[in-house]
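Notes for the one structure printed next.
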Amino acid sequence: MSRSVDESAAGPANAPWRRVALGPRGNVVEHRGDGSIVVRHPDALAAYPRSATERLAHWAMVAPQRVFLAQRTPQGPWRTVTYGQAHAHMRAIAQGLLDCGLTPARPLAVLSGNSIEHALIGLAAMHVGVPYSPVSVPFSLLSKDHAKLKHVLSLLAPGMIFVQDLVSFEKALAAALPAGTELACAEHGHSARAATSFDRLVATVPTPDVDAATAAVTGDTLAKVLFTSGSSAMPKGVLNSHRMLCANQAMAAQVWPFLQETPPVLLDWLPWNHTFGGNLVFGLTLHHGGTLHIDDGRALPGEFELTLRNLREIAPTVYFGVPKVYEMLLPHLEQDEALRGRFYSRLQMLFYAAASLPQAVWDGLRRLSIAATGQRVFTCSTMGSTETAPLAITANWDADRSNILGLPVPGCELKLVPNGRKIELRVRGPNVTSGYLKEPDKTAAAFDEEGWYCIGDALRWADPQDPEQGLVFDGRITEDYKLSTGTWVNAGPLRAMVSGHLWPLVRDVLPTGHSRDEIGILAFPEIDACRRLADLAPTATLREIVRDPTVQAAFQQRLDVIAGEGNSSINTVTRMMLMDEPLADVETTDKGTLSFNVVLERRAADIAELHGEDPGPRVLFARRDRA
């Protein structure tokens, strides 16, 4: 039975909640003899579709004229595809893929980013049991040696590669296109390379072969191969079955039943090669018959303006994002009353994942929702991974704290295992992968002896005496490090705490001090925020910014507060370097979050200077007596 957020709950300015139906809250906790704890939702998982495209057929019958996907044209207006059109196009393209010889052993790879064409060809492949793999765009467009792209395509052995714009991907294709692979594109341009046009695929007339192939799809059929970022090793191909995708959407529907009451309207840029954007957001839109506006902006300077332009036109009912999106959005909502009013006008849920959201940002978003509507908007996070489809844990209640992950969703079980100083998370359920493409050794290493997936994260109870208050992220098992004294530093929570104090002046931070005496921080300044703080010209370089006395004084004051909160060597930050070289694309993931190991490797010289005997002017030292 669903419930509604308690509108009488106290909160900022005693404002009421915006009423949304939420699933029942609770858990079942089982203490085992080996010291582990199994946690599950008290409700069983409801029935779910057999295949990932069944819901498209459903909405094509129920609401054929409703817009499914929208994308801006270069000229500015939105072009759209309805559910009825999408279903017809999907079946036509599916026939075209079968005609080109695609099979489960000859899958589809898509190298380009989010687009209507990308969505339709991916759905078409899955509809007839052909696996589809959206590949990270930087593997093609930012890499110089295309090593990751070559690795991915060698594992996939695709029967077809699709790109939106053939000219843009010319170098990548020249370097990595496997011999004999069919090539398709939406825009041929002036390329001399032969390719099947998307329009030709759409014009194909479906035959009974499409229906026969669709009928053969089962929950065990491979739907997608999603590759990991490859920040510490070559990317792994995570096998996503139709059961994984469908079960996960049923899980989401049970914890957020309000989605079934009103078809969601979304504006989203999260890349579809990642499970957050490609599985959760895209899948949620399709499952509930919603409308997804493909955002052409990103959470980066110079590109976020496109997102703001879109938000001035599109009022979402649900908004998904990584914390950086909200950090960048908050000042604009504060300064622009019209934008604020439109953003909150019909918003039912604010959702963030992939990193910690500073509490100050959480509080700011809550304050502005009250200013705009007189109500508080339901806000929550989640825990999951590419291997869990991704939803495994969420708080289907408003916890009033940014660090609460929540409890397991229906059908997904957690095993909490003591691991040294930490509690390691392991996951089991129909939303969990069976392993990695053509890498049996890595598959075997990812599961314990009982078949639980070892996600690599640590959790702790928000209140050990009251498990219903939910679980809190306690860092990655592999990101912790030892000081020279042999004591462990819990890098994840430390990084979140430092980021919260330094917001909005930093884009990200990285704790340092492995095998050294003290903890340091690499701080990557948020350029625009620091320029505004010091009233610097828009042309001021990052090097000029980090040496500005006003900027240094602001960071010094915050560093002193951070150091003052420490009570031992494992949580006391003693020094900080203001980085004067911005993060490179290879140092961040497709979601815009930090690639921990890549930054440690590329910034080794900076770390040596930070902890050395003669650091330069970029380094600040904590003054604990002044905190």
Side-chain angles (χ1 to χ4, degrees), residues 49 51-57 59-60 68-71 81 83 85-98 100 102-104 106-137 139-140 152-153 156 158-165 169 181-186 196 198-199 201-202 204 210 213-214 217 221-227 237-242 244-246 248-249 268-287 292 294 386 389 437 590:
S51 78
T53 60
E54 274 191 17
R55 295 296 282 177
L56 181 53
W59 292 115
F68 172 29
L69 299 169
Q71 184 176 21
V81 173
Y83 276 93
Q85 291 169 332
H87 184 255
H89 292 337
M90 176 187 72
R91 295 189 73 251
I93 297 167
Q95 181 65 59
L97 299 182
L98 294 176
C100 290
L102 271 66
T103 67
R106 301 185 73 240
L108 169 72
V110 177
L111 305 190
S112 48
N114 302 2
S115 70
I116 289 176
E117 292 81 5
H118 179 161
L120 293 175
I121 198 170
L123 287 167
M126 292 190 292
H127 189 59
V128 289
V130 172
Y132 140 66
S133 182
V135 180
S136 174
V137 175
F139 290 2
S140 294
V152 164
L153 295 181
L156 281 174
M160 176 182 284
I161 291 176
F162 173 81
V163 295
Q164 186 76 18
D165 172 10
F169 287 83
T181 303
E182 185 89 14
L183 186 61
C185 68
T196 299
F198 182 82
D199 289 342
L201 291 172
V202 171
T204 310
V210 171
T214 301
V217 173
T221 302
L222 182 61
K224 288 185 182 180
V225 179
L226 293 180
F227 282 89
V238 182
L239 303 175
N240 280 228
S241 68
H242 283 263
M244 281 180 65
L245 305 184
C246 297
N248 208 224
Q249 287 303 323
D268 191 77
W269 61 269
L270 289 161
W272 293 342
N273 64 279
H274 189 271
T275 187
F276 189 175
N279 283 358
L280 182 58
V281 177
F282 186 91
L284 181 144
T285 305
L286 179 57
H287 189 84
L292 174 60
I294 300 171
T386 309
L437 179 65
D590 293 335

request  = Measure across W272 and P134 and return the closest heavy-atom pair with its distance rounded to 0.1 Å.
outcome  = O-CG, 3.4 Å

task = Could you pull out all residues at least two apart from C185 that satisfy side-chain contact (heavy atoms from CB on, under 4.5 Å)?
result = V163, L166, H188, A195

query = Going by heavy atoms in the side chains, are T196 and L183 under 4.5 Å from each other?
reply = no

remark   = Only one of V81, I116, N114 passes side chain to side chain contact (heavy atoms under 4.5 Å, CB included) with Q71, and that residue is I116

query = Any side-chain heavy atom of N273 sitting closer than 4.5 Å to one from F227?
reply = no

task = State, yes or no, whether a side-chain contact exists between L239 and L437 at a heavy-atom distance under 4.5 Å.
result = yes

note = Residues at least two apart in sequence or cross-chain that pass side chain to side chain donor-acceptor pair (under 3.5 Å) with T214, listed by chain then number, are H127

M90 CE to L56 CG distance, which is reported to the nearest 0.5 Å = 4.5 Å

ask   = Can N279 and N240 be counted as having a side-chain donor-acceptor contact under 3.5 angstrom?
value = yes

inquiry  = For the aromatic rings, using the six-membered ring if either is Trp, is the centroid distance between H118 and Y132 under 6.0 Å?
reply    = yes

task = May I ask you to test the F198-I93 pair for a side-chain heavy-atom distance under 4.5 Å?
result = yes

message = Nearest 0.5 angstrom please: E117 CD to L201 CG, how far?
response = 11.0 Å

query = Any idea which heavy atoms bring A52 and C246 closest together, and the distance?
reply = N-SG, 3.7 Å

query = Taking only residues two or more places apart in sequence or in another chain, which ones pass side-chain contact (heavy atoms from CB on, under 4.5 Å) with T181?
reply = P158, I161, L177, P178

Verdict with reasoning, T275 to L280, per side chain to side chain contact (heavy atoms under 4.5 Å, CB included) = CA-CA 7 Å; T275 187; L280 182 58; over 6 Å; no

task = Return the set of residues passing salt bridge (charged side-chain N to carboxylate O under 4.0 Å, His left out) with E182 (not counting sequence neighbours), or none when no residue passes.
result = none

query = If you look at every heavy atom in P104 and P107, which pair is closest and at what distance?
reply = O-CD, 4.3 Å

key: Partner set under side chain to side chain donor-acceptor pair (under 3.5 Å) for T204, not counting sequence neighbours   = none

inquiry  = Minimum heavy-atom separation for M244 and T386, please, with both atom names.
reply    = CE-O, 4.2 Å

query = Are L97 and V130 close enough that some pair of their side-chain heavy atoms sits under 4.5 Å apart?
reply = no

task = Please work out whether the ring planes of W59 and Y83 are parallel, tilted or perpendicular, with thresholds of 30° and 60°.
result = tilted

ask   = Is a donor on one side and an acceptor on the other found under 3.5 Å between the side chain of S133 and the backbone of V225?
value = yes

ask   = Which heavy-atom pair separates S115 from I294 by the least distance, and what is that distance?
value = C-CD1, 3.7 Å

Beyond-backbone contact of L222 with S241, side-chain heavy atoms, under 4.5 angstrom = no

key: Sub-4.5 Å side-chain heavy-atom contact between L292 and V281   = yes

ask   = Considering residues at least two apart in sequence or located in another chain, which fulfil the side chain to side chain donor-acceptor pair (under 3.5 Å) criterion with T285?
value = none

inquiry  = With rounding to the nearest 0.5 angstrom, report the CG to CG distance, L111 to L153.
reply    = 6.0 Å

key: Distance, nearest 0.5 Å, that separates CG of D165 from OG of S112   = 8.5 Å

task = Rounded to the nearest 0.5 Å, what's the gap from CG on L69 to CG on L123? Could you check?
result = 8.0 Å

inquiry  = Strictly distance-based, threshold 3.5 Å: is any side-chain N or O of K224 a donor or acceptor partner for the main-chain N or O of G278?
reply    = yes

request  = Evaluate the side-chain proximity of L102 to L98: yes if any heavy-atom separation is below 4.5 Å, no if none is.
outcome  = no

query = Roughly how far, to the nearest 0.5 Å, is the CG atom of D268 from the CZ atom of F276?
reply = 7.0 Å

remark   = Of all heavy-atom pairs linking C100 and R106, the shortest is O-NH1, 3.6 Å

